[in-house]
Number of protein chains: 2
Amino acid sequence: MTATIRDVARRAGVSIATVSRAMRDPSIVSAQTLHRVQEAASDLDYTPSQLGRQLAERRHAANGIVFPDLSGPYYAEVVLGYEAVASELGRAVLILATHGRPAAAEMVTRLAGRCDGLVVLGPTVSDTVLLGLAARGVPLVTAARPPVAGVDSVSAENAGTARALATHLADQGARTVLFLGDPALSSDVQERLAGLEAGADAAGIGVRVLPVSSMDEEGGARAAEGLASGDLPDAIACANDELALGLMTALRTRGVVVPRDLLVTGWDDIMAARYAELTTVRQPLHDLGATAARFLDDFIAGRRSEPRHEVLPTELIVRSSSSPAKGDNQ
Amino acid sequence: MTATIRDVARRAGVSIATVSRAMRDPSIVSAQTLHRVQEAASDLDYTPSQLGRQLAERRHAANGIVFPDLSGPYYAEVVLGYEAVASELGRAVLILATHGRPAAAEMVTRLAGRCDGLVVLGPTVSDTVLLGLAARGVPLVTAARPPVAGVDSVSAENAGTARALATHLADQGARTVLFLGDPALSSDVQERLAGLEAGADAAGIGVRVLPVSSMDEEGGARAAEGLASGDLPDAIACANDELALGLMTALRTRGVVVPRDLLVTGWDDIMAARYAELTTVRQPLHDLGATAARFLDDFIAGRRSEPRHEVLPTELIVRSSSSPAKGDNQ
DNA sequence: ATGAAAGCGCTAACAC
DNA sequence: GTGTTAGCGCTTTCAT
């Protein structure tokens, strides 16, 4: 069907070794033969089989990335940052979305067999699975999830900025803050809550927690229904933007006016947050992926000593959903 | 380093052929040997090398998908739909973002060497490259780009809904419509413009075209600067949502009130469009990717006869940016 | 039911 | 500078 190295060798009247050499380093064969090989190769429309090459070199020249989902801008942006660096390093990128499927562990293990290393994002598979892979010698980097012993990790700062957020809310006059989100769902949420509580403590205000079923607009909307109209907190700090947006929309339907009656904040700074005038926290998503890709490459190339754990800075973005003074008051 | 089929065979006291059989179809070896092989395999923590397997079977069990970018929800959602189906079919997914790089053609060719088939989205590589791949026997499906001779394609309906959009704008009282976007940039944009013109013609209103430098918020903002305050059209139909959002924001800064002074529409129905109350057109992005994945699989499995060209329906979503009657009038 | 052996398409010693 | 020859780890006839 498709031409192999042997076909080219025959046609050029040389050995397969010479073809191999000519293809991978033109400077180590004579100009004469180089020409003949190139001619033969282009005549036959020859492309070296990556499979043959990979098996012989015993490497895949490919890296994998595992994430829960790609809906919502969050992981998409991280994956993009990852792809940019990985492809620059000459490695193909394999993706795997787990979608919370129970078979995730097996899928990740299969994926690991197809690449030289793996980046694992967020709540996808258990630490046990990762430790198993690491034990088998699979180069690993985690991102946006709690560090695993001995495995490089990259994440975005949570507690500090959450603390600043609490301070900001207190400055705006809030005395009671409700945190919307389930700390059990992810370590990111946990850290955000912890930071918020620390900041609230310092400002002498209280924090209550309201868990949600899902971290999307629907989860926010459902939470809104559950709130007693007579007893609203001064502010609601949501675990992410989608919750906040769903919440605000549902509250508006009930006649609650943000920020006059109630302050609302999110987390992530997705595009829609700008148009909804939502106060939130911006994360360097692209960088998260890019840094993970570099860590992984360092590991694969054997350029690292101790496991690294990098925490990228985040930034509080104040908009009118939490800042009546400067905001609109529609 | 890691155990091979030979290690397992030795340990189980059988031949490598038997190990291979036991691994891929337990029912064709005796219960006795099956047990011994499984024991040995788990003792050695053996996982069959996908590379060895792939080379022997001469297939990759992987498909590729090529797209311009993943920022913005558009391609991310398509890729996700693709991944869902592909991974269900037991195939790994390789991604490649071209970012308008000149080396795109070569990158795609390399990618083609690593998988059993390819889906190519949008403005990434020229038709020439695709024809070359098709000639080499690479199974191909295009999506969100004009069909190439002999290659399956999937896309979203443009002209019909664009026509409906023109009718809607005319119904709202618009007499002059400006189309914001560069038809030269993609066939999608071209078709949207053509449909809009057809609809405008039928309604007896005029359409002008204003090309943009880029199809994002910045492009929209720049376009806003270029508009003469005194001579605004009645409506601006943008080639996508990001343009429309950037345009509206910039116009608001100049004191132009949407929709009172001017109607604005987008295309795509991204999340931010809802919060900006933007009239737009919704596309079945997830389906686009899923359908492409199925077409590709059919092709690879040899289940197709003639090339197929599927066009998925789209839907006009009217919000207050183009509908003063029912909308807000902030 | 199992084993021996010939590939799959390439790279990399090792000769010459 | 080039050819010969082993592999890389698996699947798959073909015997037995």
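The model shown is predicted, which means the values in this text are computed figures rather than measured ones. Chain identifiers are assigned alphabetically (A, B, ...) following the order of the sequence lines, protein sequences preceding nucleic acid strands; residue numbering begins at 1 within each chain.
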### Query
Strictly by modelled atom types, are B:Ser186 and B:Asp188 linked by a side-chain donor-acceptor pair under 3.5 Å?
no
Write down the distance between [atom1] ([X]) and [atom2] ([N]), rounded to a whole number of angstrom.
| X | N | atom1 | atom2 | answer |
| --- | --- | --- | --- | --- |
| A:Arg59 | C:dA12 | CZ | P | 10 Å |
| B:Arg36 | C:dT2 | CZ | C1' | 11 Å |
| B:Gln54 | C:dC10 | CD | P | 15 Å |

### Message
One character per nucleotide, please: for nucleotides 8-16 of chain D, 5' to 3', B when the base has a protein heavy atom closer than 4.0 Å, S when only the sugar-phosphate does, - otherwise.
### Response
BBBBBB---
### Task
Grab the two heavy atoms, one from A:Leu118 and one from A:Ala112, that are nearest each other, plus how far apart they are.
CD2-CB, 4.1 Å
#### Entry: Nearest-0.5 Å distance that lies between atom NE2 in B:His60 and atom CD1 in B:Ile300
10.0 Å
### Summary
Taken to the nearest 0.5 Å, the spacing of B:Ile95 CD1 from A:Leu70 CG works out to 8.0 Å
### Task
Please list, chain by chain and in numerical order, all residues satisfying salt bridge (charged side-chain N to carboxylate O under 4.0 Å, His left out) with B:Arg59, sequence neighbours excluded.
B:Glu57
### Query
Quick one: is A:Thr33 getting a side-chain N or O under 4.0 Å of the D:dT2 phosphate, OP1 or OP2?
yes
### Task
Report the C-alpha separation of A:Leu121 and A:Arg145 in whole Å, then their side-chain angles, then the decisive distance to 0.1 Å, and conclude whether the side chain to side chain contact (heavy atoms under 4.5 Å, CB included) test is met.
CA-CA 7 Å; A:Leu121 302 182; A:Arg145 63 179 281 156; over 6 Å; no
